[in-house]
> 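Below is one structure. I have some questions about it.
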2 protein chains.
Amino acid sequence: MMEQHLEFGRRKVMAEDQIYQCGQVFDTLHLVSVGLFKIVNLSSDGREQSAGLHFKGDWLGFDGIPSGFHACTAVALDSGEVWSVRYDTLLQASAKEPMLMRLVLSAISAQLARNRDAALSMGTLSADARVADFLLQWAHSLAERGMRTDQINVHMSRADIGNYLGLRLESVSRALSRLSRGGLILFNEKGRRDISIPSLDALRNFIHDSADRTANNVH
Amino acid sequence: MMEQHLEFGRRKVMAEDQIYQCGQVFDTLHLVSVGLFKIVNLSSDGREQSAGLHFKGDWLGFDGIPSGFHACTAVALDSGEVWSVRYDTLLQASAKEPMLMRLVLSAISAQLARNRDAALSMGTLSADARVADFLLQWAHSLAERGMRTDQINVHMSRADIGNYLGLRLESVSRALSRLSRGGLILFNEKGRRDISIPSLDALRNFIHDSADRTANNVH
DNA sequence: CGATCTATTGAGCCTATTCAACCGTCGTGG
DNA sequence: CCACGACGGTTGAATAGGCTCAATAGATCG
């Protein structure tokens, strides 16, 4: 769809590779072709948190647009590939092809929406529900891309997940254990990073229930 | 700067007025001219959280771009005014005027950055530091717009602030009291929503210190 | 096989929440 | 006019949920 209008530079990456680093000058955007990437945000005083997870079809690099310098670091969580375009080139192409501009705006706005929902999760849910929601979103991302959702592999360590959710790694571990004990998820043989979700609806209900258990705003 | 290329519809609003509502079809964007607005995000299971605060110069409505329906509700926290443009019109104008497109992309990306930073705050800071950071960001927003930062008026209730920060209203109240006792902020006569910040640097240091007090990732 | 890294689990602590009482302001109606 | 209720804010006491520290186990790799 976009390939017809744009030249992409292709770049293969290995796990742990950085696509761009915080502080670098920004001039190019990257479209994830294969693999999984995390965006880590770090504040002036040294705190850091992964601010987003990106799959095939997602763009990387928007954080550099406002200032011209990247505000985050993009890290591959797995081997993969990205297609890169210069921002200027993309803008010129979008001026000629309205649909392209719509696509880009839609992509950024979708990231905004995901961040909002992640913040909602962090602000309103218990640790267990947050982890459950994380898995649900993951499954949703896979489903959108036509991949299987009954057997998902989280390529991240407990520490990474915790960092993303605003929890400590031990809390993530405990939450997963509790979810497992409750039958909402299943650990697969050989590797506790492979998780099955017997019923997405059950998981959704769990989040819902634990949400309005705490949300006693009624009085 | 944009007025020369676009026709804006002007709309005056009162406190509590909604600019658009969650679920409505999206077709127009709004530029804040005067006033303060909050964006409230609500999930399918009824949780809700304010997902952003918007001042003069900020855009409202991006949440409707991906799906064509608004995912949030925009509420005025004060009387104010917004300038509205149809999204289609804006896109057509941007195709002719490259600088306009850059401005819009920059505006969206800036919102992404603010959300990321808010999430970082929620994920890594204690209640006191979160409230301090909130005030600091507020002051920063005022400064960007050339307004005074030594005397800020938070138009929001403790409940609203708490909702934005992922805290209960009592926790916000306590945090403000503690900051006040520590001399980092001052409540002004007549109204505990008027707050002075004697030193922005002191506030920044407080956040920094309380951050690496908890961030004992070292071992 | 040891070294290292990741995950799990327990015990105790600490912090934000919950529940509740109380105060001050504002607006309304007897 | 003042009494009353509604509302927003503050503060206290007790609770609970997540964090810290620590020990243990499994996995991976040289």
Side-chain angles (χ1 to χ4, degrees), chain A residues 15-16 47 49 77 121-134 153-182 185-195 210-219, chain B residues 15-16 47 49 77 121-134 153-182 185-195 210-219:
Chain A
E16 305 294 311
R47 288 170 289 140
Q49 185 176 37
L77 290 172
S121 182
M122 284 194 13
T124 64
L125 295 179
S126 69
D128 289 16
R130 236 133 92 188
V131 171
D133 192 49
F134 170 76
N153 182 331
V154 181
H155 303 264
M156 305 162 71
S157 69
R158 303 296 189 245
D160 279 335
I161 298 171
N163 181 267
Y164 179 62
L165 297 174
L167 295 171
R168 296 279 135 191
L169 66 95
E170 296 95 329
S171 299
V172 175
S173 183
R174 279 185 241 274
L176 286 169
S177 296
R178 280 188 290 258
L179 291 173
S180 172
R181 268 196 287 280
I185 65 172
L186 300 172
F187 286 111
N188 291 17
E189 325 303 319
K190 288 294 169 202
R192 61 261 126 251
R193 287 191 189 182
D194 284 303
I195 294 172
S210 86
D212 51 37
R213 189 163 310 123
T214 46
N216 288 327
N217 305 339
V218 272
H219 214 245
Chain B
E16 305 292 310
R47 287 170 290 141
Q49 185 176 35
L77 289 173
S121 181
M122 284 192 16
T124 64
L125 295 179
S126 69
D128 289 16
R130 236 136 83 183
V131 172
D133 192 49
F134 170 76
N153 183 331
V154 180
H155 303 263
M156 305 162 71
S157 69
R158 303 294 189 246
D160 278 336
I161 298 172
N163 181 266
Y164 178 61
L165 297 174
L167 296 170
R168 295 280 134 193
L169 66 96
E170 296 95 330
S171 300
V172 175
S173 183
R174 279 185 241 274
L176 286 169
S177 297
R178 279 188 292 257
L179 290 173
S180 171
R181 268 194 286 280
I185 66 171
L186 300 172
F187 286 112
N188 292 15
E189 324 302 320
K190 288 294 170 201
R192 58 264 125 249
R193 286 192 189 183
D194 284 304
I195 294 172
S210 87
D212 51 38
R213 189 162 311 122
T214 46
N216 288 328
N217 306 338
V218 271
H219 215 246

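Numbers restart at 1 for each chain; the letters A, B, ... are given by sequence-line order, proteins then strands.
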> So, is A:R168 near the phosphate of D:dC21, with a side-chain N or O under 4.0 Å from OP1 or OP2?
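False: A:R168 side-chain N/O out of range (4.0 Å or more) of D:dC21 OP1/OP2.
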> Please state whether the base of D:dG12 and the side chain of B:R174 form at least one donor-acceptor pair under 3.5 Å?
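Pair found.
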> With sugar-phosphate meaning primed atoms plus P, OP1 and OP2, does A:R130 contact a base, only sugar-phosphate, or nothing at under 4.0 Å between heavy atoms?
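Here A:R130 touches no strand at all.
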> Round to a whole Å and report the spacing from CG of A:L125 to C1' of D:dG17.
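Taking CG of A:L125 and C1' of D:dG17, I get 14 Å after rounding.
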> Take atom CZ of A:R158 and atom C1' of C:dC5, then tell me their distance rounded to the nearest Å.
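To the nearest whole Å, that distance equals 14 Å.
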> Calculate, to the nearest 0.5 Å, the distance between atoms CZ and CZ belonging to A:R181 and A:R174 respectively.
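Spacing of CZ (A:R181) from CZ (A:R174) equals 10.5 Å.
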> Quick one: A:L169 CG to D:dG18 P, roughly how many Å, whole number?
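From A:L169 CG to D:dG18 P: 15 Å.
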> Would you classify B:G166 as touching base, sugar-phosphate or nothing, given that sugar-phosphate means primed atoms plus P, OP1 and OP2, and contacts are heavy atoms under 4.0 Å?
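Sugar-phosphate, no base atom in range.
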> Write down the distance between CG (A:D128) and P (D:dC19), rounded to a whole number of angstrom.
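For the pair A:D128 CG and D:dC19 P, the rounded distance is 11 Å.
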> To the nearest Å, give me how far apart CE (A:M122) and P (C:dA16) are.
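Distance check: A:M122 CE to C:dA16 P gives 14 Å.
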> With rounding to the nearest 0.5 Å, note down the distance linking CE in A:M122 to CG in B:L165.
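Nearest 0.5 Å value for the CE-CG distance: 11.0 Å.
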> Closest approach to the side chain of A:S173, judged atom by atom: which nucleotide of C:dT17, D:dG18, C:dA7 is it?
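Among the listed nucleotides, the one closest to the side chain of A:S173 is C:dA7.
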> For D:dT10 and B:R192 - does any side-chain N or O of the residue sit under 4.0 Å from the phosphate oxygens OP1/OP2?
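Answer is no, no contact under 4.0 Å.
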> In this structure, how many angstroms lie between the P atom of D:dG9 and the CD1 atom of B:I161, rounded?
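Taking atom P of D:dG9 as the reference, CD1 of B:I161 is at 8 Å.
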> Without decimals, in angstroms, what is the distance between A:L179 CG and C:dT9 P?
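Result: 13 Å.
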> Taking OP1 and OP2 of C:dC5, is either one under 4.0 Å from a side-chain nitrogen or oxygen of A:S157?
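False: A:S157 side-chain N/O out of range (4.0 Å or more) of C:dC5 OP1/OP2.
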> Touch check for B:L176, heavy atoms < 4.0 angstrom, all strands: base, sugar-phosphate only, or nothing?
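Result for B:L176 = nothing.
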> Using side-chain contact (heavy atoms from CB on, under 4.5 Å), reason through A:V131 and A:L167 one step at a time and then give a plain yes or no.
CA-CA 9 Å; A:V131 171; A:L167 295 171; 4.1 Å; yes
> What is the distance from CZ of B:F187 to P of C:dT25, rounded to the nearest Å?
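Value for this atom pair: 15 Å.
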> Do the side chains of A:R193 and A:S157 get nearer than 4.5 Å, heavy atoms only?
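When only atoms from C-beta onward are counted, A:R193 and A:S157 do touch, with a gap below 4.5 Å.
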> Between B:E170 and B:R178, which residue's closest nucleotide on DNA chain C lies nearer the 5′ terminus?
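Nearer the 5' end of the strand: B:R178.
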> Which pair of heavy atoms, one from B:Q49 and one from B:Y164, lies closest together, and at what distance?
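That closest heavy-atom pairing would be NE2-O, 3.8 Å.
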> Would you indicate what B:S171 reaches in the nucleic acid, counting non-hydrogen atoms under 4.0 angstrom: base, sugar-phosphate, or nothing?
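Base contact.
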